[in-house]
Amino acid sequence: MLLHFTKMHGLGNDFVVIDLITQRYRLRPKDILLIADRHFGIGCDQVLVVEHPRNPDVDFRYRIYNCDGSEVEQCGNGARCFAKFVLDKKLTGKRKIKVETSSGIIELGVTADKQVRVNMGKPQLKPADIPFQAEATAPSYNLDVDGQSLSLGAVSMGNPHGVLVVNDVATAPVLELGPVLEAHPRFPQKANIGFMQIIDRRNIKLRVFERGVGETLACGTGACAAVVAGQEQGLLDQSVTVTLPGGALLIEWRGQGHPVMMTGPATTVFEGAIQL
Ligand SMILES: N[C@@H](CCC[C@H](N)C(=O)O)C(=O)O
């Protein structure tokens, strides 16, 4: 089967987007691995799949696969690319698009300056909902790593995140600590690990070691989780510019019980077809 795809990115977090509404194909695990492979396939951090919804109240089903082949619950940069994709391909003409993910429904819309604004839903802070092993909810938790105690915020944005505050993202041990914390036994489904430098109450710098991928140039859910963790620790205001290696996102959260809003760009790079 010759499968058509679109290569996109959100601040350098890159995707292969596949429309399974106008194309009929059942993607196999080996297809995802080949598509994501930067040497033998197309190459991307995540494969995003556009499908018909199962729920009649929403417009699309949005499925997300990390480049290691694992299917995951949520992807924020991908959500913005998803919105641009379905509008550019005229799969919908709606200004507000409702999308079903494996962690719930999110709403997407395009702003006057062609950025995409996403209602990412309410963050989950209860340990069992993240999931994270702890007796009770807290703004931060102490975690033992090789005999060293680290303080970390834990948040679910549909997918699990741990967030550490560091003095300087440029020298933070992202590649050393990232894989160890990603697979820490207190995160039974593993986690994405953010390293957050607080510039002031409305500006942070962030690097993210993504579960199933490694460090990426940007992570949308990671940016949301960092702002939630920073607010819970009393360090941040409600509206925060998050500067990642690939560029900046605006993240807004009005506190517990409210959804996190994410605004940022979505970019198409090229179109192609791959023989599967
Ligand atoms: N790049 C993403 C997150 C993708 C999923 C993540 N690696 C996970 O395993 O949960 C984003 O922009 O949010």
Side-chain angles (χ1 to χ4, degrees), residues 9-14 45 74-78 80 115 118 120 123 125 130 132 138-146 148-157 159-184 186-187 190-256 260-265:
H9 75 86
L11 300 177
N13 178 195
D14 66 340
D45 296 325
Q74 193 53 275
C75 175
N77 290 324
R80 300 196 313 281
Q115 298 249 320
V118 184
M120 295 288 292
L125 294 165
I130 294 173
F132 177 71
S140 62
Y141 304 88
N142 286 330
L143 219 69
D144 283 332
V145 178
D146 298 334
Q148 198 192 350
S149 177
L150 294 174
S151 170
L152 163 144
V155 178
S156 169
M157 286 306 309
N159 56 350
H161 290 265
V163 183
L164 286 101
V165 177
V166 296
N167 290 331
D168 183 354
V169 280
T171 55
V174 177
L175 299 180
E176 295 75 33
L177 271 184
V180 178
L181 291 171
E182 175 199 12
H184 195 282
R186 287 181 69 187
F187 284 109
K190 299 192 170 179
N192 301 282
I193 305 298
F195 296 77
M196 161 169 71
Q197 177 183 348
I198 312 274
I199 307 299
D200 59 39
R201 294 189 63 84
R202 299 181 62 116
N203 291 280
I204 63 170
K205 287 186 182 176
L206 182 71
R207 285 171 66 188
V208 181
F209 190 92
E210 282 196 30
R211 176 178 67 166
V213 182
E215 186 179 8
T216 55
L217 291 178
C219 177
T221 49
C224 298
V227 171
V228 169
Q231 274 194 44
E232 286 293 295
Q233 292 169 28
L235 303 170
L236 297 176
D237 286 349
Q238 294 189 349
S239 173
V240 178
T241 299
V242 180
T243 302
L244 297 129
L249 290 173
L250 176 68
I251 306 295
E252 297 155 286
W253 187 49
R254 289 192 286 129
Q256 287 197 28
V260 182
M261 304 300 298
M262 172 188 61
T263 308

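Every value quoted in this text rests on a predicted model; they were computed, and no experiment measured them.
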Roughly how far apart are Phe195 CZ and Thr171 OG1, rounded to 0.5 Å?
11.5 Å
Quick check on Asn167: does its CG atom have over 12 non-hydrogen neighbours (other residues, nucleotides or ligands) under 6.0 Å away?
no
Please check if the number of heavy atoms outside Asp168 that lie under 6.0 Å from its CG is greater than 12.
yes
I need the Tyr141 OH to Ile130 CD1 distance, nearest 0.5 Å.
5.5 Å
Name the one of Leu217, Asn77, Leu249 that satisfies side chain to side chain contact (heavy atoms under 4.5 Å, CB included) with Leu244?
Leu249
Is there a side-chain contact between His184 and Ile193, using heavy atoms and a 4.5 Å cut-off?
no
Looking at Asp14 and Asp45, would you say the former's side chain and the latter's main chain have a donor-acceptor pair under 3.5 Å?
yes
Could you check if a side-chain atom of Val228 sits within less than 4.5 angstrom of a side-chain atom of Leu125, using non-hydrogen atoms only?
yes
Where do Val165 and Ser151 land on the side-chain contact (heavy atoms from CB on, under 4.5 Å) test, with the steps shown first?
CA-CA 8 Å; Val165 177; Ser151 170; over 6 Å; no
Under the side chain to side chain contact (heavy atoms under 4.5 Å, CB included) test against Met196, which residue among Leu206, Val208, Val227 passes?
Leu206
Is there a donor in the side chain of Thr221 and an acceptor in the side chain of Gln74, or the other way round, less than 3.5 Å apart?
no
Pair Met261-Arg254, side-chain contact (heavy atoms from CB on, under 4.5 Å): steps then yes or no
CA-CA 9 Å; Met261 304 300 298; Arg254 289 192 286 129; over 6 Å; no
Which atoms form the tightest heavy-atom contact between Arg186 and Leu143, and what is the distance?
NH1-CD1, 3.4 Å
Hey, does the side chain of Gln197 reach the backbone of Lys205 with a donor-acceptor pair shorter than 3.5 angstrom?
no
Heavy-atom closest pair (Ala226 atom, Leu236 atom, distance to 0.1 Å) is O-CD1, 4.1 Å
Output the distance between atom CG (Leu150) and atom OG (Ser140), rounded to the nearest 0.5 Å.
11.5 Å
In short, Gly264 meets Gln115 closest at the heavy-atom pair CA-OE1, 3.2 Å
Distance-only, no hydrogens or angles: does the Arg211 side chain make a donor-acceptor pair with backbone N or O of His161 under 3.5 Å?
no
A side-chain contact here means heavy atoms from C-beta on lying under 4.5 Å apart; do Ile199 and Thr243 qualify?
no
Determine whether a donor-acceptor pair (N or O, by modelled atom type, separation under 3.5 Å) exists between the side chain of Glu252 and the backbone of Met262.
no
Heavy-atom pair with the smallest gap, counting every atom of Gly78 and Cys75
N-SG, 3.3 Å
Supply the atom-to-atom distance Leu11 CG to Arg80 CZ, rounded to the nearest 0.5 angstrom.
5.0 Å
Would you call Trp253 and Met120 a side-chain contact if the rule is heavy atoms closer than 4.5 Å?
no
Is it true that a side-chain atom of Gln233 and a backbone atom of Pro139 form a donor plus acceptor pair closer than 3.5 Å?
yes
Identify the two heavy atoms, one from Phe209 and one from Glu215, that lie closest to each other, and give their separation to 0.1 Å.
CD1-N, 3.7 Å
Give the intermediate values and the outcome of side-chain contact (heavy atoms from CB on, under 4.5 Å) for residues Leu235 and Ile204.
CA-CA 10 Å; Leu235 303 170; Ile204 63 170; over 6 Å; no
With no hydrogens and no angle check, is any side-chain donor or acceptor of Asp200 less than 3.5 Å from a backbone partner on Arg202?
yes
Nearest heavy-atom neighbours spanning Arg207 and Pro245:
CG-CG, 4.0 Å
Look only at the side chain of Asn192 and the backbone of Pro160, and say whether a donor-acceptor pair between them is shorter than 3.5 Å.
yes
